[in-house]
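A short worksheet on the structure shown next.
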Amino acid sequence: MLRARSHDPAARQGPAPSSAPSCTPGAPCARRGPSLPAPGGVAGRGGGGAPFPGVLRACLARSCAMALGEELRSGCFWRGVLAEAAATLIFVGVVLGASVAPAPLAPALAGGLVAGALACTLGAPQANPALTLALLCTRKLGALRGAAGLLAQCAGAVLASAAARLALPDDASLVTRGPFSGGSMNPARSLGPAVVTGIWDDHWVYWLGPVLGAVLAGLSYEFVFAPSASREKLGACLACRDVALVETTSPSPSSPSARSPPAPPAERGQGTA
C-alpha cells in the first residue's frame, strides 16, 4: 500500500536554512570580526606566503620580555644580588679597616681571610667586578645577572667606604696607596673610597688592569687550557654564537663516540680463519 505524499510546501523544501552567517577559514565573518592572516603567511594567500618579519620580531620581543619578567620575579635572582652587595660590603670594609694597621701585609692577609670566609658562608659570591666581567665575557653568566651583580658590588663598596670614613680617624688609609706597589686587584675596593673622598687620581688604572687580567685569564682557560677547549668553541665565541651548543655537539677526546668503533664480528673472525 502506497503512502500518500505530503502536500505541505515546507516539507518538500527541506529544513530551513540557519540564520547565522557561514564562516569559512580565511574569510570575513560577522561573528568573529575581520580575518587575520595565518601565522607565517600573507593575507589573501591562504597562509602560504612569506612570513611576517614584524610579527616574528614582536613574538621574540614578547618572549624575551616574559623571560626577563620571570627572572626579575624569582627569589633566587634577588638572593644572588643581595649576596653580592653584602659580600662586597664586608670585603671592602674589612680591607679598609685593616689598612689602618702599620704592617703592610695586614690588608692582604685580611683580604685573603675574608674572601675564604665569604666563600664558606654566602655561597662563593664574586664580590669583584673584574671577576664578574670575566664571567660575562666567557658566557658563564647572563647579562641581567651580570649587570645586577656589578651594580650590587659597587653599591656595597660605596656603603662600606662611607662607614669606614665615619669610623676611621682620617682618609689616608682609604685611598689605594700601599702595601707595596699601590695595586688593587678588586676595582670595588678602589671605587668606594674614590666616591667617598672625591680622589680620582689614576682611578682608571684600577679598572683596566684587573678587568683586563681577569678577562684574559678566563678566555685562556675556557678556550685553551680547559678539557672542553676546542677551535670550534673559540670560533663560536668570536662569531657571537652559542658556545653551549658547540659543547654539546662536539665530542670530547675521552668520550666513547670519539674513539673508533669496534670491528664487526665478521671482520674480527677473518684473522682466525
Side-chain angles (χ1 to χ4, degrees), residues 68 71-72 76-99 107-165 171 173-179 181-223 237 240 243:
L68 181 63
E71 185 77 9
L72 291 176
C76 181
F77 173 81
W78 292 109
R79 284 194 297 269
V81 173
L82 183 61
E84 290 295 333
T88 311
L89 187 148
I90 296 173
F91 179 83
V92 175
V94 171
V95 171
L96 291 179
S99 300
L109 182 61
L113 291 177
V114 72
L118 290 175
C120 297
T121 55
L122 294 180
Q126 300 151 24
N128 191 331
L131 179 57
T132 303
L133 291 173
L135 294 176
L136 279 172
C137 291
T138 54
R139 301 192 178 185
K140 299 296 184 182
L141 193 65
L144 180 60
R145 288 181 177 267
L150 287 174
L151 292 177
Q153 292 164 3
C154 295
V158 172
L159 290 176
S161 302
R165 189 181 188 186
D171 300 341
S173 59
L174 297 180
V175 184
T176 306
R177 295 191 180 96
S181 61
S184 174
M185 300 299 104
N186 192 334
R189 186 258 178 267
S190 302
L191 177 66
V195 172
V196 172
T197 61
I199 301 176
W200 297 88
D201 298 341
D202 301 325
H203 182 75
W204 62 273
V205 176
Y206 303 112
W207 280 90
L208 180 62
V211 170
L212 185 61
V215 170
L216 289 177
L219 293 176
S220 300
Y221 175 79
E222 185 70 18
F223 301 109
C237 181
C240 296
V243 178

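From a predicted model like this one, the values you see are computed outputs, not experimental measurements.
We find that Glu222 and Arg139 are not joined by a salt bridge, their nearest charged nitrogen and carboxylate oxygen being 4.0 Å or further apart.
By the side chain to side chain contact (heavy atoms under 4.5 Å, CB included) test, Ala83 is found to be paired with no residue, residues two or more places apart in sequence or in another chain being considered.
Of all the heavy atoms in Asp201 and Tyr206, the pair that sits closest is O-CE1, 4.4 Å. Summarising the geometry of Ala127 relative to Asn186, their closest heavy-atom pair is O-ND2, 2.9 Å, with the distance given to 0.1 Å. Considering every non-hydrogen atom in both Leu135 and Gln126, the closest pair reads CD1-NE2, 3.6 Å. In terms of heavy-atom proximity, Pro210 sits nearest to Met185 at CB-O, 3.6 Å. Across all their heavy atoms, Ala152 and Val81 have their closest contact at CB-O, 3.5 Å.
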side-chain contact (heavy atoms from CB on, under 4.5 Å) between Val215 and Thr138, worked out: CA-CA 8 Å; Val215 170; Thr138 54; over 6 Å; no
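Between Pro187 and Asn128 there is a side-chain heavy-atom pair separated by less than 4.5 Å. Annotation: side chain of Pro129 is in contact with side chain of Trp207 (closest heavy-atom distance under 4.5 Å). Contact check for Arg189 versus Thr88: no side-chain heavy atoms found under the 4.5 Å cut-off. Side-chain atoms of Trp200 and Leu191, non-hydrogen and from C-beta on, do get closer than 4.5 Å to each other.
Taking CG of Asp202 as the reference point, atom CG of Leu208 lies at 12.0 Å (rounded to 0.5 Å).
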With a 3.5 Å cut-off and sequence neighbours excluded, list the donor-acceptor pairs that the side chains of residues 153-162 form with protein atoms.
from   : atom 1 : to     : atom 2 : distance (Å)
Gln153 : NE2    : Glu84  : OE1    : 2.9
Gln153 : NE2    : Thr132 : OG1    : 2.9
Ser161 : OG     : Ala157 : O      : 2.9

Taking distance alone, no hydrogens or angles, what donor-acceptor pairs closer than 3.5 Å link side-chain atoms of residues 107-114 to residues at least two apart or in another chain?
none

